[in-house]
Amino acid sequence: MVTEHVQPSPGSQTSLNQQLAMREAGNYQAMGITRGASLNSQSRSASEEDRGDSESSVWKNVKSIASMLMEEPEVVEQGAQGPIAEGVDYKLGRLQLGLIYDFQNLTLTLRIIKATDLPAKDVTGTSDPYVKIMLLPDKKHKLLTKVKKKNLNPHWNECFLFEGWPHNKLLEKTLYLQVIDYDRFSRDDPIGETYIPLNMVDLTQSPVTWKYLQPCKDSRGKLGELLLSLCYQPNIGRLTVTVMKAKDLKAKDITGSSDPYVKIWLSYGAARVEKKKTNIKMRTLNPIYNESFIFDIPWEKVREATLEVSVMDFDKLGRNELIGRVILGCRSGPMETRHWNDMVAKPRQQVAQWHLLKD
């Protein structure tokens with residue numbers, strides 16, 4: 001994950017100070033920003049484009065202050081007490097947020113307050129959540145909150161300023177918020193998402209609301225899935241990996257198909273040791289392989305070993321292209337780790353599991 005800290009421009013800080021001064025008029029009371037709250041000026045952005053000259057992009061009007069409010073008793077979250085939330089309860093948790101629009105300075109402030117009852121995504125029974133923010137229809141630029149480690153009820157209290165946006169232009173936009181579980185060893189896992197069309201929000205009221213998280217539309221099957229079977233024989237230190245089949249692979253050719261094969265690397269730590277690969281299946285997005293490969297892994301090295309399983313698109317004329325991959329090991333993602341641990345717990349048995357391919 002790319003983490004970037006950006007210092008706000010002088011103009012951004014002036015605007016923020018002006019807004020903070022308006023607390024005397026009660027503009028921020030609905031968002032729970034009180035005299036006791038202090039702000040810092042660091043932000044986290046996932047955008048590659050806004051690292052350069054911000055004046056060259058439409059994103060120049062969207063600045064993130066990502067202000068961390070002091071989590072003290074006097075910071076009162078008014079206007080959204082109790083269990084009432086908007087949307088359908090999918091048992092993915094709730095997200096509390098606040099919005100305020102400064103009509104004089106043309107600035108929308110989004111406050112990500114907290115989440116509750118998030119599902120556990122890690123094998124430890126918890127999650128490391130953060131929130132990704134986009135102002136749709138722009139999907140290139142993303143803002144991120146801090147990661148809250150091992151917490152299913154995280155408090156963020158971070159503010160993001162969208163500056164220089166006339167009210168009528170904001171009404172054409174939709175705020176997209178996605179809660180994600182950070183994973184150090186694998187791809188981050190989406191937890192849930194919510195959409196807020198700004199033309200449905202009365203920004204004159206400085207609303208603070210709860211939103212139920214809904215399943216992420218693009219979190220499953222984006223690159224396809226791979227069915228693998230593992231069998232470990234601890235007495236002789238032998239691992240048998242059977243590549244069974246894949247489904248719904250992403251098309252890489254202009255014909256709308258792919259020529260997929262599977263490549264497997266055995267590694268100990270950062271050192272790659274051995275490579276195996278299947279035959280190529282031409283012009284299919286649902287290949288069937290049923291090919292087995294043997295790796296010698298001593299019992300004392302099982303916890304150091306990882307398998308990087310990559311589905312590749314074969315290209316006669318150019319470079320073979322990655323469709324997606326999965327990394328198996330005892331320190332991988334939650335689903336991958338579960339498969340590996342099941343293999344260890346059931347010696348000499350075939351343990352099969354579907355895996356989502358990741359990029």
Side-chain angles (χ1 to χ4, degrees), residues 120-125 181 183-190 219-250 258 260-281 284-314 320 322-359:
K121 303 292 283 187
D122 299 337
V123 292
T124 57
D181 172 49
D183 196 311
R184 182 179 177 184
F185 299 104
S186 183
R187 187 182 182 188
D188 296 350
D189 293 316
S219 64
R220 186 170 187 84
K222 183 178 179 181
L223 301 174
E225 299 181 58
L226 182 65
L227 180 59
L228 298 171
S229 177
L230 305 177
C231 179
Y232 185 63
Q233 298 171 268
N235 56 326
I236 59 175
R238 176 176 293 175
L239 171 62
T240 302
V241 180
T242 302
V243 180
M244 301 174 73
K245 59 184 177 179
K247 66 179 181 181
D248 302 327
L249 296 180
K250 184 176 181 179
S258 291
Y261 68 94
V262 179
K263 178 174 63 176
I264 307 172
W265 270 106
L266 168 64
S267 300
Y268 294 116
R272 286 181 167 180
V273 177
E274 189 177 4
K275 180 177 72 172
K276 311 276 189 180
K277 62 180 180 180
T278 68
N279 293 315
I280 301 166
K281 301 296 181 180
T284 179
L285 300 179
N286 299 281
I288 297 174
Y289 297 100
N290 288 325
E291 298 183 43
S292 295
F293 305 94
I294 294 175
F295 296 92
D296 292 323
I297 305 177
W299 170 251
E300 61 271 15
K301 288 194 172 184
V302 165
R303 293 198 172 275
E304 300 176 35
T306 58
L307 292 177
E308 181 180 336
V309 186
S310 303
V311 181
M312 308 292 296
D313 174 47
F314 173 74
N320 297 340
L322 175 69
I323 296 175
R325 65 165 60 93
V326 59
I327 298 177
L328 299 174
C330 65
R331 292 185 294 272
S332 186
M335 300 304 293
E336 295 85 351
T337 300
R338 186 178 72 177
H339 193 188
W340 192 264
N341 290 340
D342 285 348
M343 171 199 76
V344 174
K346 300 174 181 178
R348 295 174 292 279
Q349 296 183 43
Q350 293 281 347
V351 181
Q353 183 175 310
W354 282 101
H355 291 277
L356 288 175
L357 294 175
K358 303 174 183 180
D359 50 22

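Numbers here are sequence positions counted from 1.
With sequence neighbours excluded, no residue satisfies salt bridge (charged side-chain N to carboxylate O under 4.0 Å, His left out) with Lys250.
The CG atom of Asn290 sits 9.0 Å away from atom CG of Leu227, with the distance rounded to the nearest 0.5 Å. The CD1 atom of Ile323 sits 8.0 Å away from atom CE of Met312, with the distance rounded to the nearest 0.5 Å. If you take CD on Glu225 and CG on Asn286, they are separated by 10.5 Å, rounding to the nearest 0.5 Å. Note that the CZ atom of Phe295 and the CG atom of Leu230 stand 10.5 Å from one another [nearest 0.5 Å]. To the nearest 0.5 Å, atoms NZ (Lys275) and CZ (Phe293) are separated by 12.0 Å. With rounding to the nearest 0.5 Å, the separation of CG in Leu266 from CG in Leu307 is 6.0 Å.
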Before giving the answer on side-chain contact (heavy atoms from CB on, under 4.5 Å), spell out for Ile327 and Lys358 the whole-Å C-alpha distance, their side-chain angles and the decisive distance to 0.1 Å. CA-CA 9 Å; Ile327 298 177; Lys358 303 174 183 180; over 6 Å; no
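When atom types are taken as modelled, the side chain of Glu336 and the backbone of Val326 share no donor-acceptor pair closer than 3.5 angstrom. A donor-acceptor pair is defined here as one N or O able to donate and one able to accept, closer than 3.5 Å; such a pair exists between the side chain of Tyr232 and the backbone of Trp299. Under the 3.5 Å distance criterion, the side-chain polar atoms of Ser229 are left unmatched by any main-chain donor or acceptor of Thr242. Here the side chain of Tyr289 pairs no donor or acceptor atom with the backbone of Lys281 at under 3.5 angstrom. Listed for the His339 side chain is a donor-acceptor partner under 3.5 Å among the backbone atoms of Val351. Here the side chain of Asp248 pairs no donor or acceptor atom with the backbone of Gly224 at under 3.5 angstrom.
Proximity of His355 to Val309: side-chain heavy atoms (C-beta onward) are nowhere separated by under 4.5 Å. Considering only heavy atoms from C-beta on, Leu249 stays 4.5 Å or farther from Ser258 through its side chain. Counting only heavy atoms from C-beta outward, the side chains of Ile297 and Arg238 never approach each other to under 4.5 Å. Under the 4.5 Å side-chain criterion, counting only non-hydrogen atoms from C-beta, Val243 is in contact with Ile264. Contact of the Lys276 side chain with the Glu291 side chain is not registered, since no non-hydrogen atoms from C-beta on lie closer than 4.5 Å. A 4.5 Å side-chain heavy-atom check between Leu328 and Leu228 finds at least one atom pair inside the cut-off. Between Cys330 and Val302, the closest side-chain pair of non-hydrogen atoms is not below 4.5 Å. The side-chain heavy atoms of Arg348 and Pro234, taken from C-beta on, include a pair separated by under 4.5 Å.
Residues Ala305 and Tyr268 share a closest heavy-atom pair of CB-CE2, 3.7 Å. Heavy atoms only, all atoms of each residue included: Pro298 and Asp296 are closest at CD-O, 4.0 Å. The shortest non-hydrogen separation linking Gly324 to Leu223 is CA-CD1, 4.3 Å. Smallest separation of non-hydrogen atoms from Pro260 and Val311: CB-CG1, 4.1 Å.
No more than 12 heavy atoms of other residues, nucleotides or ligands shown are found within 6.0 angstrom of CD1 on Ile288. Other residues, nucleotides and ligands contribute at most 12 non-hydrogen atoms within 6.0 Å of the NZ atom of Lys277.
Judged as a salt bridge (Lys or Arg N to Asp or Glu O under 4.0 Å), the pairs with a partner in residues 299-310 (not counting sequence neighbours) are, in order, Arg272-Glu308, Glu308-Arg325.
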